[in-house]
Participant: 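Take a look at the following structure, please.
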Amino acid sequence: MAEWSWLVYTVLEVLIAAACCLGNALVMCAVFVGIRDSLREPTFCFLVSLAVADFLVGVAAVPLAVMLDGWVNLTPDLCLLFSCVVLVLTQASVLSLLAIAVDRYLRIHEPLRYKAVATQRRTWWAVSVCWMLSCLLGFTPLLGWNNHSPPSDSTNTSSSLTIPPPCTFLSVISLPFMVYFNFLGCVMAPLLVMAFLYARIFWSLQGRLKQSCPHTQASLLRERRLACSLALVLVLFASCWIPLHLMNCLLLFHGPQAITKGTLYTGILLSHANSAVNPVVYAYRIPKIRQAYSQTWSRLLMRLNCCHGDERVGQSKTAGQDNHTKACRSGEEAPPPS
């Protein structure tokens, strides 16, 4: 049963990783190519940062999650390093979502100063700070808060001759760190701040819509629609990640028997599936990205058709040249008339 559950889990992880890579690569291509001057808008810069984090989930986090299931023997230091990479990508998603919420809040509550404050340079500085903080918070276990204890001098000789133990995430990452620091401090606290900011945004937009004239209602409705779309991304993130963190709480307070292996696999798959769902949300909820998707696909299809047409033209030219050569040869070989 355990082997079957691991096989199903691995197959689903491969599918999720492919969806993460393809979907988020399309998001990045759409923003960079399909939306003109999109990177001058802070919201799209932070969306690209979130898409990069989701893309790296498919490239790195999912393969590492499968590898860190006890099927590979690694030294504790290397196992700890790989486990921290997963934490870094999760934290990058959280901080990108927080940056999006702050950007929307400033746009609604400081409309006159927004363009002067949210310049392109400051936006990319904010993206850089998000990723630097993600590395700092994600690699915190390397500083000592982990389950790996360095071997003593008396056991150095014997440990160097033994095979490294199987590498699992919870064998090197401590549950108190995951619950108290990662979940409560690095995930729940930003989620609560984002919930407060979006509540203020919707409250402000609702009040302005009641007092505004028909000319300004269209722009306010667009703002509300975009805020609803981004809030949906936030709700999906919380819905996909909180179950896994609650499982860590149960493991900490009630022991390994509190969670079955299949339930833990389900929580891990749900957390990774969030990175594959976000591009779908962008396509259905954000008109600019939806139009950029269609433009990107149409350009790709046009290039494929052009390449296919060039191959056909080349083949027809080659066939024509062959026929002409054969005709010339047959004319040269024909006997002269008597």
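Note that the structure is a prediction, hence the values are computed from the model and not measured. One-based numbering along the sequence shown.
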Participant: Quick check against the 3.5 Å criterion: does Arg122 have a side-chain atom that pairs as donor or acceptor with the backbone of Val117?
Facilitator: yes

Participant: Within a 6.0 Å radius of atom OH on Tyr114, are there more than 12 heavy atoms belonging to other residues, nucleotides or ligands?
Facilitator: yes

Participant: Testing the basics here: between Val57 and His272, what is the closest heavy-atom pair and its distance to 0.1 Å?
Facilitator: CG1-CD2, 4.4 Å

Participant: Looking at residues at least two apart in the chain, or sitting in another chain, which of them share a side-chain contact (heavy atoms from CB on, under 4.5 Å) with Ala231?
Facilitator: Tyr198, Phe202

Participant: Do Arg200 and Ser204 have side chains that get closer than 4.5 Å, going by heavy atoms?
Facilitator: no

Participant: Is it possible for you to say whether Phe44 and Trp125 belong to one hydrophobic cluster, with membership spreading through side-chain heavy-atom contacts below 4.5 Å?
Facilitator: no

Participant: Do Phe196 and Val193 have side chains that approach each other closer than 4.5 Å (heavy atoms only, starting at C-beta)?
Facilitator: no

Participant: If two hydrophobic side chains count as joined below 4.5 Å and joins carry through other members, does Leu230 share a cluster with Leu192?
Facilitator: yes

Participant: Any side-chain heavy atom of Leu191 within less than 4.5 Å of one from Met194?
Facilitator: yes

Participant: How far apart are the C-alpha atoms of Leu50 and Leu97, what are their side-chain angles, what is the distance that settles it, and do they pass the side-chain contact (heavy atoms from CB on, under 4.5 Å) test?
Facilitator: CA-CA 7 Å; Leu50 182 59; Leu97 289 170; 3.8 Å; yes

Participant: Tell me if a side-chain donor or acceptor on Asn147 pairs with a main-chain N or O of Ile173 at a distance below 3.5 Å.
Facilitator: yes

Participant: If you measure only the distance, is there a donor-acceptor pair under 3.5 Å linking the side chains of Tyr265 and Asp69?
Facilitator: yes

Participant: Quick one: are Val88 and Val85 in side-chain contact, heavy atoms under 4.5 Å?
Facilitator: no

Participant: Please report the C-alpha distance between Phe237 and Asn278 in whole Å, then the side-chain angles of each, then the deciding distance to 0.1 Å, and finally whether the side-chain contact (heavy atoms from CB on, under 4.5 Å) criterion is met.
Facilitator: CA-CA 9 Å; Phe237 179 87; Asn278 283 338; over 6 Å; no

Participant: Can you sort out the partners of Trp131 under side-chain hydrogen bond (donor to acceptor under 3.5 Å, both in side chains), two or more places apart, ordered by chain and number?
Facilitator: Ser49

Participant: Using the side-chain contact (heavy atoms from CB on, under 4.5 Å) rule, take Phe169 and Leu87 through it: C-alpha gap first, then chi angles, then the decisive distance, then the call.
Facilitator: CA-CA 11 Å; Phe169 184 83; Leu87 298 176; 3.9 Å; yes

Participant: Do any N or O atoms from the side chain of Asn24 and from the backbone of Cys20 form a donor-acceptor pair under 3.5 angstrom?
Facilitator: yes

Participant: Parallel, tilted or perpendicular, judged at 30° and 60°: which one describes the rings of Tyr180 and Phe253?
Facilitator: perpendicular

Participant: Give a yes or no on whether the backbone of Ala227 and the side-chain of Arg104 come within a donor-acceptor separation of less than 3.5 Å.
Facilitator: no

Participant: If only side-chain N and O atoms count, and only distance matters, is there a donor-acceptor pair under 3.5 Å linking Thr43 with Asp103?
Facilitator: yes

Participant: For Trp145, I'd like to know if atom CH2 has over 12 heavy atoms of other residues, nucleotides or ligands within 6.0 Å.
Facilitator: yes

Participant: Would the distance check show the side chain of Thr123 and the main-chain N or O of Pro42 forming a donor-acceptor pair, the cut-off being under 3.5 Å?
Facilitator: no

Participant: Test of understanding: clusters of I, L, V, M, F, W, Y form through side-chain heavy atoms closer than 4.5 Å, transitively. Do Met132 and Val102 belong to the same one?
Facilitator: yes

Participant: When you check the gap from the basic side-chain N to the acidic O, do Glu41 and Arg107 get nearer than 4.0 Å?
Facilitator: no

Participant: Identify which one of Val72, Leu68, Asp77, Val172 satisfies the side chain to side chain contact (heavy atoms under 4.5 Å, CB included) criterion when paired with Phe82.
Facilitator: Leu68

Participant: Could you please spell out the steps behind the side chain to side chain donor-acceptor pair (under 3.5 Å) verdict for Thr260 and Thr263?
Facilitator: CA-CA 5 Å; Thr260 63; Thr263 306; 2.7 Å; yes

Participant: So, taking the atom named CD in Gln91 and the one named CG in Leu136, what distance separates them when rounded to the nearest 0.5 Å?
Facilitator: 10.0 Å

Participant: Are Thr90 and Ser93 close enough that a side-chain donor and a side-chain acceptor fall under 3.5 Å?
Facilitator: no

Participant: Check for me, please, whether Val14 and Leu269 land in the same ILVMFWY cluster - side-chain distances under 4.5 Å, paths through other members count.
Facilitator: no

Participant: Please assess Leu252 against Met178 for the test side-chain contact (heavy atoms from CB on, under 4.5 Å), listing each intermediate value before the final yes or no.
Facilitator: CA-CA 9 Å; Leu252 175 63; Met178 288 300 299; over 6 Å; no

Participant: Could you tell me which non-hydrogen atom of Tyr284 sits nearest to which non-hydrogen atom of Arg290, and how far apart they are?
Facilitator: O-NH1, 3.3 Å

Participant: If only side-chain N and O atoms count, and only distance matters, is there a donor-acceptor pair under 3.5 Å linking Arg224 with Gln206?
Facilitator: yes

Participant: Report the C-alpha distance between Glu110 and Lys115 in whole Å, list the side-chain angles of each, state the deciding distance to 0.1 Å, and finish with yes or no for salt bridge (charged side-chain N to carboxylate O under 4.0 Å, His left out).
Facilitator: CA-CA 9 Å; Glu110 299 288 341; Lys115 289 186 177 181; over 6 Å; no

Participant: Please check this pair: side chain of Glu223 against backbone of Ile108, looking for a donor-acceptor N/O pair closer than 3.5 Å.
Facilitator: no

Participant: With side chains defined as the heavy atoms from C-beta onward, is the minimum distance between Val52 and Leu56 less than 4.5 Å?
Facilitator: yes

Participant: Per the disulfide bond (SG atoms under 2.5 Å apart) rule, what does the pair list look like for residues 49-96, sequence neighbours excluded?
Facilitator: Cys79-Cys167

Participant: Quick one: does Ser128's side chain have a donor or acceptor within less than 3.5 Å of a partner on Trp124's backbone?
Facilitator: yes

Participant: Give a yes or no on whether the backbone of Thr216 and the side-chain of Ser219 come within a donor-acceptor separation of less than 3.5 Å.
Facilitator: yes

Participant: Are any side-chain N or O atoms of Asn182 and backbone N or O atoms of Phe177, one a donor and one an acceptor, separated by less than 3.5 Å?
Facilitator: no

